[in-house]
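Quick note on labels: first sequence line is chain A, next is B, and so on, each numbered from 1. Computed from a prediction, not measured in an experiment: that's the story for all the values here.
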2 protein chains.
Amino acid sequence: MTRQRQLIYKIIMNTEGHLSADEIFSYAKAEMPSIALGTVYRNLRLMVEDKEIRQIITDYGPDRYDRNMIPHEHLHCDGCGKLVDITFGGLKELLENKGEIAVADYQLNIRGLCPVCNAKQKKIRVQ
Amino acid sequence: MTRQRQLIYKIIMNTEGHLSADEIFSYAKAEMPSIALGTVYRNLRLMVEDKEIRQIITDYGPDRYDRNMIPHEHLHCDGCGKLVDITFGGLKELLENKGEIAVADYQLNIRGLCPVCNAKQKKIRVQ
DNA sequence: TTTAGAAATGAGAATTATTCCTAAATAGGA
DNA sequence: TCCTATTTAGGAATAATTCTCATTTCTAAA
C-alpha cells in the first residue's frame, strides 16, 4: 500500500460516478503532482484483480472504474448520455440455471433509455 | 456494394465463429491481396450500423464480429478459452419490465464455464 | 541507524486497436 | 462511354493501455 495507491483508492471511493483512468489521473495529480499515468493504470489493474473495484468496458470510449462491487448492470442512456447503474438482482443464478453454465463474472451493458428519460418519453407519447 | 465489401460480408457469413477485424483482413487478403485494413474496418462499421452483423466488445482483446443477429449472449470460457454463444431468450423484455427502462440494444459478456466444461467440472466434483 | 533486497514509481517509449487523410480507382446511373 | 459521387489503398494519426528500466521507496534484518 503505497501513497499513490491509497490516493487512487480514495478518489474512487469518494466518487459516486464512473471514472476513467484519465479522470482519476487528473484528480490524483491535483493532490500529488508527481504521480504518473502508468502508476494509475497499474494500480487500477491490481485493484480490479483484487476485486476492490469494478472495471466497466464500454464501446464508446475508455474503460471506467466503479467502487460498487455489488453485481449490477450499466445503462448508457440515449436520452441524457449518462452511464447509469441499474440494479437487477439474481441474474447470475438465472443465467446459470437456464444456460447450464458456471458464471464467475458477467458484464451487462445496455443502450437505451434510463428510467427518467423513459418516463419522459412515455409522457410525450401519451400527450 | 463494392467487391471488397462483398468479400468481407462473404467471409463473415461463411464463418461459424467470432472473427476479429484482423482475422477478416487476413482471409480477405488471401483472395484479394490489394485490400487494405482500413477498408475492412470501414465496412465492418457500416455493416454494424446497417445491422447486417453484430459487434462483440470484450475486455481481453480486439472487437469481434458475428453473423448471428438473433439476440444472444457471449461466454468467455475459463476452461477451454473459447468465446461461446449462449442463447437465452427474453432477456430484453425481462430487463425492460424489471428496470422500467427502454432497451435499444444490450450486450451481455459472461466469464465462467461453458456447458461442456461445466459438465466436466461437475463430473470431477462427483467422482 | 545502516544496508541489502524487493517492490513500486516516474517518465516516456512501445504496442494495440482503430480511425482518419488523401490522391487514385471504381461503381453505377445518364 | 462519360460523369460524378463514393470507395479504396496506403500510410499517418490517434486513443487507450501496457511495457521498460533507471531511480526511488519500503521493509526488515543486522
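Looking only at side-chain heavy atoms (C-beta outward), A/Val48 and A/Ile53 come within less than 4.5 Å of each other. A 4.5 Å side-chain heavy-atom check between A/Glu49 and A/Arg45 finds at least one atom pair inside the cut-off.
With the nearest nucleotide of DNA chain C identified for both B/Gln4 and B/Gly61, B/Gly61 has the one nearer the 5' end. Taking for each of A/Arg5 and B/Arg45 the nucleotide of DNA chain C with the nearest heavy atom, the 5'-most of the two is the partner of A/Arg5.
Distances shorter than 4.0 Å separate none of the side-chain N or O atoms of B/Tyr41 from OP1 or OP2 on C/dT19. For C/dA27, the OP1/OP2 oxygens have no side-chain nitrogen or oxygen of B/Thr2 closer than 4.0 Å. Using a 4.0 Å cut-off, some side-chain N or O of B/Thr39 falls inside it from OP1 or OP2 of D/dA9. Between A/Asn43 and C/dT9 there is a side-chain polar atom (N or O) within less than 4.0 angstrom of OP1 or OP2.
Checking C/dG10, C/dT9, C/dT18 against every side-chain atom of B/Asp63, the shortest atom distance belongs to C/dT18. Distances from the side chain of B/Ala21 to the nucleotides D/dT17, C/dA8, C/dT18 place C/dT18 closest.
Between B/Phe25 atom CZ and C/dA17 atom P the separation is 14 Å, expressed in whole Å.
Residue B/Leu37 is in base contact, counting any heavy-atom pair closer than 4.0 Å across all strands shown. Note on A/Asp22: nothing from the nucleic acid sits closer than 4.0 angstrom, heavy atoms only.
One finds a salt bridge joining A/Arg5 and A/Asp50 here, because a Lys/Arg side-chain nitrogen approaches an Asp/Glu carboxylate oxygen to under 4.0 Å.
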